[in-house]
Peer 1: 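Take a look at the following structure, please.
For reference, positions follow the sequence shown, starting with 1.
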Amino acid sequence: MLHVDPILAATSAPPPFTVGTVLTETRLDSWLALGLVLAAGLYLYGVYRLRLRGDRWPITRTVFFIGPGLGGIALVTVSGLHAYDTALLSVHMIQHMVLSMVAPIFLALGAPMTLALRTLPVGPRKRLLAIVHSRVARVYSFPLVAFAIFVVNPFVLYFSDLYRFTLEHAWAHELVHAHFIMTGCVFFWPLLGLDPLPGRWPYPARALLMLLSVPFHTVLGLTIMQSTTLFGGDWYPSLNLAWSDPWADQVVAGGILWAGGEFVSVTMLAVLVVQWVKQSEREARRVDRELDRQEARERAADAAAT
């Protein structure tokens, strides 16, 4: 039986979960909040630089990156939800879903690497390209490697003592948040991202990989719902929250992971299908233009021969 320091538990117990407390517990002094502001500022500055020189940047990319991308991360880490991420497993699962499956999709659709390559000076641009095409980047961005990391990580976290460790140490919990974001980006960037990446698979293979990821979240969600032991050991009961039942909250947490995984998977496939259709249309237009040019050359040759 694991035991919790009562002083640590008391300082970790937030007030009853309400809309009001979610608003009042908002924290703007974390390193993650600073990182989000910096990322948004750099992205918007890049867009500004492009417009200064008369280049176009799709508004949808900016909206995706700043809104559900960075904004999604802020919603579950900077808002008052952060006050409950070690008190309610269900809140932690909401963070898990947003940080690893929702925000990375929209960050990828924002194409920040493409924006950087179009606005950076020659030296930094070459260094960025060297990183993108490095051996490490090729390994981690390879879809099967990214898929394995994305699928295995939650099982390693929740079915070991690591999760309990993150509850007891704030720095470890913050590190898990960053890890969720990086894991999601590694998985979704090669599948849905618009940035130039080496070794990108064709659309049918990407769709298959996405379909294969669906059962794992279903299995994990159902396992959490049906578990006869509490995740985190006696951490949650030791908080003595009169307004929350740890067992009922764990069932809700599993349901969030199960239903959320299904919803995000369907959304991913929809985005991929749209990209696939647009790419096919561009390819068809390219072929038509080439045929038109070939026909024009043949007419010119016939005219010259006569």
Side-chain angles (χ1 to χ4, degrees), residues 32 35-36 39-40 43 58 60-77 93-117 131-132 136-155 157 176-218 220-221 257 259-279:
L32 190 54
L36 292 173
Y43 190 95
T60 53
R61 295 184 183 182
T62 303
V63 171
F64 284 153
F65 188 84
I66 302 296
L70 297 180
I73 297 173
L75 180 65
V76 297
T77 58
M93 284 304 172
I94 293 174
Q95 289 180 322
H96 178 148
M97 295 300 302
V98 173
L99 296 179
S100 66
M101 297 189 70
V102 177
I105 293 176
F106 292 99
L107 293 177
L109 293 176
M113 194 180 302
T114 300
L115 179 63
L117 291 173
I131 294 173
V132 172
V136 173
R138 286 177 178 272
V139 170
Y140 279 98
S141 64
F142 184 67
L144 286 180
V145 174
F147 174 78
I149 295 173
F150 184 74
V151 168
V152 171
N153 272 347
F155 289 91
L157 174 63
V176 166
H177 290 165
H179 182 69
F180 280 156
I181 297 170
M182 290 187 290
T183 300
C185 287
V186 165
F187 180 64
F188 290 112
W189 228 282
L191 299 182
L192 298 173
L194 305 177
D195 288 319
L197 292 175
R200 178 162 277 164
W201 280 9
Y203 281 101
R206 295 191 225 173
L208 177 61
L209 201 60
M210 285 189 182
L211 286 173
L212 291 176
S213 69
V214 176
F216 291 96
H217 285 90
T218 301
L220 180 58
L257 192 59
E262 298 284 348
F263 175 78
V264 173
S265 298
V266 171
T267 304
M268 288 190 306
L269 287 173
V271 171
L272 188 64
V273 168
V274 170
Q275 290 181 344
W276 191 351
V277 170
K278 289 184 176 180
Q279 191 271 341

Peer 1: My understanding is that only residues two or more places apart in sequence, or in another chain, count here; which of them pass side chain to side chain contact (heavy atoms under 4.5 Å, CB included) with A40?
Peer 2: I66, L70
Peer 1: Measure the shortest side-chain to side-chain distance between L36 and I73 over non-hydrogen atoms and say whether it is less than 4.5 angstrom.
Peer 2: yes
Peer 1: Answer whether the closest heavy-atom distance between the side chains of F263 and M101 falls below 4.5 Å.
Peer 2: no
Peer 1: Show, in sequence, the C-alpha distance, side-chain angles and deciding distance for V266 and V214, and conclude whether the side-chain contact (heavy atoms from CB on, under 4.5 Å) test is met.
Peer 2: CA-CA 9 Å; V266 171; V214 176; over 6 Å; no
Peer 1: Go through the steps for I105 and T267 under the test side-chain contact (heavy atoms from CB on, under 4.5 Å), then give the verdict.
Peer 2: CA-CA 10 Å; I105 293 176; T267 304; 5.6 Å; no
Peer 1: Taking the side chain as C-beta and beyond, is there a heavy-atom pair between F65 and L107 under 4.5 Å?
Peer 2: yes
Peer 1: Do the side chains of L117 and V132 get nearer than 4.5 Å, heavy atoms only?
Peer 2: no
Peer 1: Between S100 and F150, which heavy-atom pair has the shortest distance, and what is it?
Peer 2: O-CE1, 3.6 Å
Peer 1: How about F216: does its CZ atom have over 12 heavy atoms from other parts shown lying under 6.0 Å from it?
Peer 2: no
Peer 1: Output yes when a side-chain donor or acceptor of Y203 lies under 3.5 Å from a complementary backbone atom of Q279, and no otherwise.
Peer 2: no
Peer 1: What is the minimum heavy-atom distance between L269 and A207, and which atoms define it?
Peer 2: CD2-O, 4.0 Å
Peer 1: Rounded to the nearest 0.5 Å, what's the gap from CG on L220 to CZ on F155? Could you check?
Peer 2: 4.5 Å
Peer 1: Mind checking side chain to side chain contact (heavy atoms under 4.5 Å, CB included) for A259 and listing every partner two or more places apart, or none if nothing turns up?
Peer 2: none
Peer 1: Are more than 12 heavy atoms from other residues, nucleotides or ligands located less than 6.0 Å from atom CZ of F142?
Peer 2: yes
Peer 1: How many angstroms lie between CG in L272 and CE in M210, if you round to the nearest 0.5 Å?
Peer 2: 4.5 Å
Peer 1: Give a yes/no verdict on a cation-pi contact between R61 and F64, requiring under 6.0 Å between NZ or CZ and the six-membered ring centre and an angle within 45° of the axis.
Peer 2: no
Peer 1: When you compare the side chain of W201 with that of L144, does any pair of heavy atoms fall below 4.5 Å?
Peer 2: yes
Peer 1: Would you list the atom pairs, donor with acceptor, under 3.5 Å between side chains in residues 177-194 and any protein atom, with sequence neighbours excluded?
Peer 2:
{"from": "H177", "atom 1": "NE2", "to": "Q95", "atom 2": "OE1", "distance (Å)": "3.2"}
{"from": "H179", "atom 1": "NE2", "to": "N153", "atom 2": "ND2", "distance (Å)": "2.8"}
{"from": "H179", "atom 1": "NE2", "to": "T183", "atom 2": "OG1", "distance (Å)": "3.4"}
{"from": "T183", "atom 1": "OG1", "to": "N153", "atom 2": "ND2", "distance (Å)": "3.2"}
{"from": "T183", "atom 1": "OG1", "to": "H179", "atom 2": "O", "distance (Å)": "2.8"}
{"from": "W189", "atom 1": "NE1", "to": "D195", "atom 2": "OD2", "distance (Å)": "2.9"}

Peer 1: How close do M268 and S213 get, counting heavy atoms only, and between which atoms?
Peer 2: CE-OG, 4.2 Å
